[in-house]
Trainee: 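Quick one: the structure is below, and I'll ask about it shortly.
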Protein chains: 2
Amino acid sequence: MSVSALTAGNSLSVPKRIVIAGMEGCRACSVCEVRAHGICSALNDDELSQLAQAAVRVTIPPGRQLIEEGSPADEFFNITAGTVKLFKSLPDGRRQITGFVGIGHFLGLAVSDRYAFGAEAIDQVRLCRFSRERLETVIDEFPRLERRLRNEAANELVAAQDQMLLLGRKTARERVASFLYGQITELYGDDIPQTAKLHFPMTRADIADFLGLTVETVSRTISGLRREGLITTGASHEITVPAPSRLRTIASGEE
Amino acid sequence: MSVSALTAGNSLSVPKRIVIAGMEGCRACSVCEVRAHGICSALNDDELSQLAQAAVRVTIPPGRQLIEEGSPADEFFNITAGTVKLFKSLPDGRRQITGFVGIGHFLGLAVSDRYAFGAEAIDQVRLCRFSRERLETVIDEFPRLERRLRNEAANELVAAQDQMLLLGRKTARERVASFLYGQITELYGDDIPQTAKLHFPMTRADIADFLGLTVETVSRTISGLRREGLITTGASHEITVPAPSRLRTIASGEE
DNA sequence: CGAAACCTTGAAGACTTTCAAGTAGCGTGG
DNA sequence: CCACGCTACTTGAAAGTCTTCAAGGTTTCG
């Protein structure tokens with residue numbers, strides 16, 4: 001389901017842009033929008049063109065699942081646009097989103113032969129697709145890539161540990177503040193402005209599944225933060241934060 | 001505090017076994033108890049002796065902290081005996097244990113220059129210590145090691161995702177069952193016996209901090225499982241599981 | 001424009017926590 | 001050898017945070 005869905009998604013959503021394996025990718029990489037990000041930044045142009053031969057670029061419409069939990073892990077992805085949610089589910093439907101990943105993110109670092117998580121496009125997503133086999137070949141030739149992947153994994157691990165602290169020990173208020181502050185740092189990096197304007201793609205349900213809460217609690221908590229003057233809400237996916245540092249304080253459990 | 005504490009721990013706890021940097025390690029590796037585990041299994045004897053020159057073996061008494069959250073990450077560790085708990089804390093003392101790690105585990109895969117987590121010995125722990133610098137040198141020479149580290153990180157990532165699902169979406173009962181079943185698989189691998197006997201080193205408080213619960217809830221839940229006949233309790237760190245598969249069912253949220 | 005999906009708010013309920021007290025295990029020392 | 005003190009574990013009762021159930025309002029998109 002997962003892989004075929006992906007292929008179908010490509011041909012259905014961008015019929016005018018048929019991708020021929022190994023061709024378009026070959027051209028695209030050196031001028032790719034994520035040339036400077038993710039694993040690609042670890043390679044020079046020559047090396048990149050080798051990688052390109054293993055890549056296919058595809059576009060995924062919002063809501064389409066690109067990886068199904070437990071399906072054979074024979075592909076890797078590199079996101080070039082949009083946002084993907086990663087998740088795990090229980091048999092009765094309870095769901096935990098383990099992360100939102102965007103531009104430059106490398107997806108599919110599974111060790112086993114099956115994906116341990118699902119992945120679904122939140123908005124329109126573009127990505128490069130590699131077969132596991134071909135990527136491994138390229139990796140063997142470029143040790144730098146290997147290190148890059150290790151660092152990528154290590155970074156994700158740090159984020160996962162933060163999220164475990166959040167899920168295991170933070171209150172609803174602290175969780176929502178953490179989420180919002182996380183969105184701020186993702187958007188602005190270390191250069192946080194006095195007033196941050198956010199426009200995120202995920203729904204309240206996504207946020208709830210990410211924070212281990214219900215939609216109602218997320219909604220109520222956001223309303224609470226608004227009443228306190230800590231945030232201003234525009235459209236449902238737009239939030240303005242007049243004093244990000246106050247949010248950071250709450251997020252880290254200091255009040 | 002962390003590194004000095006470690007050194008102090010070594011000299012204080014095993015005064016008769018003074019370790020000379022690069023010497024004992026050099027001998028020990030090829031006959032090491034974890035020769036076949038962890039990163040060492042990725043190397044042949046020759047390569048290993050190179051690695052050994054960068055290693056110092058130390059022993060840590062129970063309760064001693066070997067890594068302090070936020071301290072400079074200039075060392076890596078490879079555990080050869082005992083169990084270590086990894087954790088993150090909030091300013092007010094709330095604590096989340098992100099994992100228990102034992103024999104063969106490689107510790108310190110930080111990308112930043114500071115540890116993002118703390119680490120404390122649960123029982124008596126032995127480990128190999130490397131300076132970050134020296135390990136990186138060895139890694140550069142052995143690409144296999146690099147891949148090994150990536151796989152290690154990928155495996156941890158899978159475990160972290162499981163834990164996020166647990167913390168965000170499982171009930172107390174499911175969490176405790178998950179913990180116990182996890183202990184079973186760690187001890188027996190894929191070959192689960194009809195009746196599993198467990199003897200784990202962590203306290204109820206550790207388990208609580210791992211599962212995002214309080215000690216009281218852990219205790220009550222274990223009592224509940226016992227009343228249901230799902231487990232038998234001996235000494236406080238000993239539990240017998242007459243039907244592991246039932247526990248697995250509960251752990252995965254199927255009842 | 002209208003159906004559907006999404007978001008918000010209220011009230012009742014549930015699971016877990018908090019507070020409290022008692023029991024048990026263990027190492028030290030009289 | 002047993003008392004003492006400490007830490008760990010267990011159990012009960014009350015309290016609290018978050019969830020569940022329910023309904024109304026809003027946005028989105030064909």
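Chain A is the first sequence line, chain B the second, and so forth, proteins listed ahead of strands; every chain is numbered from 1.
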Trainee: Show me, pair by pair, the donor-acceptor contacts under 3.5 angstrom made by side chains of residues 156-163 of chain A, not counting sequence neighbours?
Mentor:
{"unit_1": "Glu156(A)", "atom_1": "OE2", "unit_2": "His105(A)", "atom_2": "NE2", "d": "3.4"}
{"unit_1": "Asp162(A)", "atom_1": "OD1", "unit_2": "Lys88(B)", "atom_2": "NZ", "d": "2.8"}
{"unit_1": "Gln163(A)", "atom_1": "NE2", "unit_2": "Phe210(A)", "atom_2": "O", "d": "2.9"}

Trainee: Please confirm whether the ring centroid of Phe87(B) lies under 6.0 Å from the ring centroid of Phe100(B).
Mentor: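 Ring-ring flag for Phe87(B)/Phe100(B): false, centres at least 6.0 Å apart.
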Trainee: Which part of the nucleic acid, if any, lies within contact of Ser219(A), taking any heavy atom under 4.0 Å across all strands shown: a base, the sugar-phosphate backbone alone, or nothing?
Mentor: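 It contacts base atoms.
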Trainee: Output yes when a side-chain donor or acceptor of Ser219(A) lies under 3.5 Å from a complementary backbone atom of Val215(A), and no otherwise.
Mentor: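 Not confirmed, Ser219(A) side chain does not pair with Val215(A) backbone.
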Trainee: Minimum heavy-atom separation for Glu152(B) and Gly104(B), please, with both atom names.
Mentor: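 That closest heavy-atom pairing would be OE2-O, 4.2 Å.
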Trainee: Are any protein N/O atoms closer than 3.5 Å to N/O atoms in nucleotides 16-19 of chain D? If there are, list each pair with its distance.
Mentor:
{"unit_1": "dC18(D)", "atom_1": "OP1", "unit_2": "Ala172(A)", "atom_2": "N", "d": "2.7"}
{"unit_1": "dT19(D)", "atom_1": "OP2", "unit_2": "Thr214(A)", "atom_2": "N", "d": "3.4"}
{"unit_1": "dT19(D)", "atom_1": "OP2", "unit_2": "Thr214(A)", "atom_2": "OG1", "d": "3.3"}
{"unit_1": "dT19(D)", "atom_1": "OP2", "unit_2": "Thr217(A)", "atom_2": "OG1", "d": "2.4"}

Trainee: What is the per-nucleotide protein-contact pattern of nucleotides 25-30 of chain D, from the 5' end, where B denotes a base atom under 4.0 Å from a protein heavy atom, S denotes such proximity for sugar-phosphate atoms only, and - denotes neither?
Mentor: ------
Trainee: Only one of Val101(A), Val84(A), Asp206(A), Thr203(A) clears side-chain contact (heavy atoms from CB on, under 4.5 Å) with Ile122(A); which?
Mentor: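 Answer to the side-chain contact (heavy atoms from CB on, under 4.5 Å) test with Ile122(A) among Val101(A), Val84(A), Asp206(A), Thr203(A): Asp206(A).
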Trainee: Without swapping roles, check the side chain of Gln96(A) against the backbone of Asp209(A) for a donor-acceptor pair under 3.5 Å.
Mentor: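 Between the backbone of Asp209(A) and the side chain of Gln96(A) there is a qualifying donor-acceptor contact (under 3.5 Å).
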Trainee: Under 3.5 Å, side chain of Thr249(A) to main-chain N/O of Ser245(A), donor-acceptor pair present?
Mentor: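 Checked: pair present.
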Trainee: Measure centre to centre between the rings of Phe77(A) and Phe106(A), then say whether the value is under 6.0 Å.
Mentor: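 No, too far apart.
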Trainee: Which residue is it: Arg173(A), Arg175(A), Glu228(A)? I am looking for the one with a side-chain contact (heavy atoms from CB on, under 4.5 Å) to Ile250(A).
Mentor: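 Single side-chain contact (heavy atoms from CB on, under 4.5 Å) partner of Ile250(A) among Arg173(A), Arg175(A), Glu228(A): Arg173(A).
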Trainee: Can you tell me which residue pairs pass the side-chain hydrogen bond (donor to acceptor under 3.5 Å, both in side chains) test with a partner in residues 180-189 of chain B, sequence neighbours excluded?
Mentor: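 As it turns out, the side-chain hydrogen bond (donor to acceptor under 3.5 Å, both in side chains) pairs with a partner in residues 180-189 of chain B, which skip direct neighbours, are Tyr181(B)-Arg248(B).
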Trainee: Over how many whole Å does the gap from Ile122(B) atom CD1 to dA8(D) atom C1' extend?
Mentor: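 Rounded to the whole Å, the gap is 15 Å.
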Trainee: For the CZ atom on Arg246(A), are there more than 12 heavy atoms of other groups (residues, nucleotides or ligands in this structure) within a distance under 6.0 Å?
Mentor: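 No, the 6.0 Å shell around CZ holds no more than 12 heavy atoms from other groups.
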Trainee: Could you state the atom-to-atom distance from CD of Glu238(B) to P of dA8(D) in whole Å?
Mentor: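 Rounded to whole Å, this separation is 18 Å.
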Trainee: Flag the pair Glu69(B) and Arg95(B) as a salt bridge only when some basic side-chain nitrogen lies within less than 4.0 angstrom of an acidic carboxylate oxygen.
Mentor: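 Salt bridge absent between Glu69(B) and Arg95(B).
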Trainee: Taking any atom closer than 4.0 angstrom to a non-hydrogen atom of chain B, what span of DNA chain C does the protein reach, first nucleotide to last?
Mentor: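 Nucleotide range with atoms under 4.0 Å of chain B: dT16(C) to dC19(C).
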Trainee: Under 3.5 Å for both distances, Watson-Crick or G-U wobble, that's the pair rule; now give the dot-bracket for DNA chain D, with | marking pairs to another strand and [ ] for crossing ones.
Mentor: ||||||||||||||||||||||||||||||
Trainee: Indicate whether the side chain of Thr233(A) and that of Arg226(A) have a donor and an acceptor atom separated by less than 3.5 Å.
Mentor: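 Arg226(A) and Thr233(A) do have a side-chain donor-acceptor pair below 3.5 Å.
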